[in-house]
Amino acid sequence: MSVKIEYHKFDVVVVGAGGAGLNAAQVASQYCKTAVISEVYPTRSHTISAQGGISAALGNLEEDHWHWHMYDTVKGSDYLCDQDAAEYMTKQAPEMIIALEHIGLPFSRTPEGKIAQRPFGGHTAEFGKRAVKRACYAADRTGHAMLQTLYEKSVAQGTHFYSEFYALELLVNDGAVNGVLCFDIQNGELHIFNAKAVVFATGGNCRIFQTNSNAHINTGDGLALAMRKGFSWSDAEFFQFHPTGIYGAGNLITEGVRGEGGILLNAQGERFMERYAPTIKDLAPRDIVSRSMTKEVLEGRGVGQFKDHTLLKIDHIGAANIMEKLPGIHELALVFAGVDCTKEPIPVNPTAHYQNGGIPTGYLSQVIKGNMEKEEFVPGFFAAGECASASVHGANRLGTNSLLDLVVFGRTAGEQAAKYAMANSIVSLKDDAGSEGLANLQKYANANGKYTFGEIWGELTRTMQTKMGVFRTEKLMKECYSTLLELEAKMDDYRVNDKSSVYNLDLIEALELNNMILVAKACTQAAILRKESRGGHFRDDYPDRDDVNFLKHTEVYLEEDCKTPRVDYRKVRLQPLTVETFPPKARVY
Ligand SMILES: Cc1cc2nc3c(=O)[nH]c(=O)nc-3n(C[C@H](O)[C@H](O)[C@H](O)COP(=O)(O)OP(=O)(O)OC[C@H]3O[C@@H](n4cnc5c(N)ncnc54)[C@H](O)[C@@H]3O)c2cc1C
């Protein structure tokens, strides 16, 4: 493998071409020379598969206010979100939707031509009194519509794209982030991007679980790269298990199905959510629905040969309605469950769906390095989207709040990175810039040991699913951690069969697996030390929330060895940006 490196200089480099990365890029490109680096062609990023919608208190179908949206977001987060960020996001949401509409996002419409809205889990009117129609959507392909629109806009703004480039190392000089080392998957060549500002938008990491709804790229690379350079992963222990993954496959059946009237049934044909959440029933927040489903199964009321799942019934809303509003779901159920959902229920199980925490940022998307005593912004480093944590989701994200997070904080990251780039000169590269990433690449390119991807990845994901899943205990998580250490050791005796430099996905998988083991260790360690239950982190041995000891963000750093997680904490920002009286002054859109 050649070690010739090609050098590039940009004002802003965005790593990741999902909704967050593309919105950051199209904004930054309006001000300065901006590049996007993506492991896959931009429109293959995971955002493409988002189905149900994007939240905003537009109030197109019934009265709604951003205050109610903010209240739901804070409550849904189990009070772990930063309230300045929650205010920033929910307040900007209506304007953001209009901005997306103006650049061409084809939203579904009401008969009068307004943007259509549907109810979604945890979104309520009048501070929790009743469900409200807040999710704007483009049929059940909202992410698809969004990503295509943002990609076209980025191209029109003159963004430079480096597709199928894999980021190997984040470059830092004297505390300032100044670039990225990348590998061109197409031909194995190396590139260093030296930039005034770097935006990470690398998406989530739920591929570390066996049953998950995520794309192949969602392996936590961004987190691993940032942690290796001394930055932290905030609230690492909180994952969201989406209640309705297709049984056996994991593909997502959007909550929009329940928004349109779908209900969950157990083996007795009982609509069991009436028992667990009498007011909002099947539209309760995702952690509650996932745990309720798991409980039904554990208590013997699961369906099927192994009594190990539940059913999602939607046929009662009528075939025409299903085909108009949920055509993608009809197809998914047919292909992956062999079920025609206009006639029969879909077999479902909770599926690992979303990483609630991420690289910590302020509400203006600047990456934070901090602990309980102090916090500081990292020069030149911004993050947005699922890999980041502003933090608006805290311990549990509400459905449709992620697409909103992507575009709001993506835009802010783009603006702030451009502003930073225009005000600062470029930080030069260190003499040995990229040497760590290169050494890691060569380690795997030359790996001729015993273990291959399948064996290690299989054990990793099975272990995470059973020991770090919906219900957790100290004993299970400690067992999980020791298995992860064993897997890590096996990575030193790894084998990459493909020795070519053209589309060597065997090599990329090895690098991703190495990152997945690191992030799995980090979140397991964080989960062991959080001795309470909150949002997506539910412990059988500590079933209650403990605000006295744990109303704080976890920050997982790495020790000097760049392998062992060190868990620290940081204060939750409980103060909103402004204190406005309610109801607010009417806004005209
Ligand atoms: C099936 C599904 C349905 C969903 N539905 C909804 C919904 O209806 N509403 C909602 O609000 N949320 C939804 N979500 C959540 C939401 O879609 C995601 O959180 C969001 O799309 C993540 O976007 P992102 O921009 O952060 O990253 P992604 O879209 O995941 O993109 C990550 C990018 O990073 C790049 N990348 C990663 N690693 C590297 C590397 N090492 N080098 C170079 N590039 C790299 C990839 O190439 C990719 O371009 C859904 C999620 C799933 C999985």
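Atoms within each ligand, like the ligands themselves, are counted from 1 in listed order. Computed over heavy atoms, backbone and side chain alike; hydrogens, waters and symmetry mates excluded.
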Novice: Do any nitrogen or oxygen atoms of Phe120 lie less than 3.5 angstrom from nitrogen or oxygen atoms of ligand 1?
Specialist: no
Novice: Which residue and atom name correspond to the protein heavy atom nearest atom 42 (N) of ligand 1, and how close is it?
Specialist: Ala167 N, 2.8 Å
Novice: For the residue pair Glu386 and Gln355, what are the closest heavy atoms and their distance?
Specialist: O-NE2, 2.8 Å
Novice: Please determine whether any non-hydrogen atom of Gly53 lies less than 4.0 Å from an atom of ligand 1.
Specialist: yes
Novice: How does Ala201 reach ligand 1, if at all, at less than 4.0 Å between non-hydrogen atoms: by side chain, backbone, both, or neither?
Specialist: backbone
Novice: Describe, in one word, how the ring planes of Trp457 and Phe453 are oriented to each other, choosing from parallel (under 30°), tilted (30 to 60°) and perpendicular (over 60°).
Specialist: parallel
Novice: Do His69 and Asn401 have a side chain donor and acceptor closer than 3.5 Å?
Specialist: yes
Novice: What I'd like to find out is whether the side chain of Arg141 reaches to under 4.5 Å of the side chain of Pro327, using heavy atoms alone.
Specialist: yes
Novice: What atoms of ligand 1 come closer than 4.0 angstrom to any heavy atom of Asn401?
Specialist: 11 (O)
Novice: Any atom of ligand 1 sitting under 4.0 Å from a heavy atom of Glu255?
Specialist: no
Novice: Could you identify the single nearest non-hydrogen protein atom to atom 4 (C) of ligand 1 and state the distance to 0.1 Å?
Specialist: Ala50 CA, 3.4 Å
Novice: Using non-hydrogen atoms of the residue, decide whether Phe165 is closer than 4.0 angstrom to ligand 1.
Specialist: yes
Novice: Between Asp11 and Lys33, does at least one N-O distance fall below 4.0 Å, as a salt bridge requires?
Specialist: no
Novice: Would you check whether Gln51 has a nitrogen or oxygen atom less than 3.5 angstrom from a nitrogen or oxygen atom of ligand 1?
Specialist: yes
Novice: Among all protein non-hydrogen atoms, which one is nearest to atom 29 (O) of ligand 1, and what is the separation to 0.1 Å?
Specialist: Thr47 OG1, 2.6 Å
Novice: May I ask you to identify, for Arg44, whether its side chain, its backbone, both or neither come under 4.0 Å of ligand 1 on a heavy-atom basis?
Specialist: neither
Novice: For the residue pair Val392 and Thr73, what are the closest heavy atoms and their distance?
Specialist: O-CG2, 3.2 Å
Novice: Within a distance under 4.0 Å of any heavy atom of Ala17, pick out the atoms of ligand 1 and give their elements.
Specialist: 33 (C), 48 (C), 49 (O)
Novice: Below 6.0 angstrom between ring centroids: does that apply to Tyr41 and Phe161?
Specialist: no
Novice: Shortest non-hydrogen contact from Ser45 to Ile217?
Specialist: CA-CD1, 4.0 Å
Novice: Does Gly52, backbone or side chain, put an N or O under 3.5 Å from an N or O of ligand 1?
Specialist: yes
Novice: Using a strict 4.0 Å threshold on nitrogen-to-oxygen distance, state whether Asp64 and Arg134 make a salt bridge.
Specialist: yes
Novice: Among all protein heavy atoms in this structure, tell me which lies nearest to atom 37 (C) of ligand 1, with the distance rounded to 0.1 Å.
Specialist: Thr202 O, 3.4 Å
Novice: So which protein heavy atom does atom 39 (C) of ligand 1 come closest to, and at what separation?
Specialist: Glu39 OE1, 3.4 Å
Novice: Taking distance alone, with no angle check, do Ser45 and ligand 1 share an N/O pair under 3.5 Å?
Specialist: yes
Novice: Can you list the ligand 1 atoms lying under 4.0 Å from a non-hydrogen atom of Leu406?
Specialist: 20 (C), 21 (O), 22 (C), 23 (O), 24 (P), 25 (O), 26 (O)
Novice: Between His553 and Asp82, is there a side-chain donor-acceptor contact under 3.5 Å, judged purely by atom types and distance?
Specialist: yes
Novice: If I compare all heavy atoms of Thr124 with all of Trp68, which pair ends up nearest, and what's the gap?
Specialist: O-CB, 3.8 Å
Novice: State the atoms of ligand 1, each with its element, that fall below the 4.0 Å cut-off from a heavy-atom position in Ala20.
Specialist: 25 (O)
Novice: Considering only protein heavy atoms, which is closest to atom 30 (O) of ligand 1, and at what distance to one decimal place?
Specialist: Asn218 ND2, 3.1 Å
Novice: Any idea which heavy atoms bring Val496 and Tyr444 closest together, and the distance?
Specialist: CG2-O, 3.2 Å
Novice: Below 4.0 angstrom from a heavy atom of Tyr354, which ligand 1 atoms are there? Numbered from 1 as shown, please.
Specialist: 19 (O)
Novice: In terms of the angle between their ring planes, are Phe165 and Phe193 parallel, tilted or perpendicular, with boundaries placed at 30° and 60°?
Specialist: perpendicular
Novice: Contact between ligand 1 and Ile54 is defined here as a heavy atom of the residue under 4.0 Å from a ligand atom; is it met?
Specialist: no
Novice: Counting each atom of ligand 1 from 1 as listed, which ones have a heavy atom of Gly16 under 4.0 Å away?
Specialist: 33 (C), 34 (O), 35 (C), 49 (O)
Novice: So with a 6.0 Å cut-off around NZ of Lys133, is the heavy-atom count from everything else above 12?
Specialist: no
Novice: Got more than 12 heavy atoms from elsewhere within 6.0 Å of CZ, Arg44?
Specialist: no
Novice: Aromatic contact between His160 and Phe10, with the criterion being ring centroids under 6.0 Å apart: yes or no?
Specialist: yes
Novice: What is the nearest protein non-hydrogen atom to atom 16 (C) of ligand 1, stated with its residue, atom name and distance?
Specialist: Ser402 OG, 3.4 Å
Novice: Heavy atom of Gly222 under 4.0 Å from ligand 1?
Specialist: no
Novice: What heavy-atom pair brings Leu252 and Gln51 nearest, and what distance separates the two atoms?
Specialist: O-NE2, 3.1 Å
Novice: Of the protein's non-hydrogen atoms, which lies at the shortest distance from atom 3 (C) of ligand 1, and what is that distance?
Specialist: Leu252 CD2, 3.2 Å
Novice: At a 4.0 Å threshold, what atoms of ligand 1 neighbour a non-hydrogen atom of Val40?
Specialist: 47 (O)
Novice: Going by distance only, is there an N or O of Gly385 that falls short of 3.5 Å from an N or O of ligand 1?
Specialist: no
Novice: If you measure every N/O of Ser49 against every N/O of ligand 1, is any gap under 3.5 Å?
Specialist: no
Novice: Can you find an N/O atom of Glu386 closer than 3.5 Å to an N/O atom of ligand 1?
Specialist: yes
Novice: Give the atom numbers and elements of ligand 1 that come within less than 4.0 Å of a heavy atom of Thr400.
Specialist: 9 (N), 10 (C), 11 (O)
Novice: Centroid-to-centroid, His8 to Tyr162, below 6.0 Å?
Specialist: yes
Novice: Under 4.0 Å, heavy-atom basis, I'd like to know which part of Arg397 is in contact with ligand 1: side chain, backbone, both or neither.
Specialist: side chain
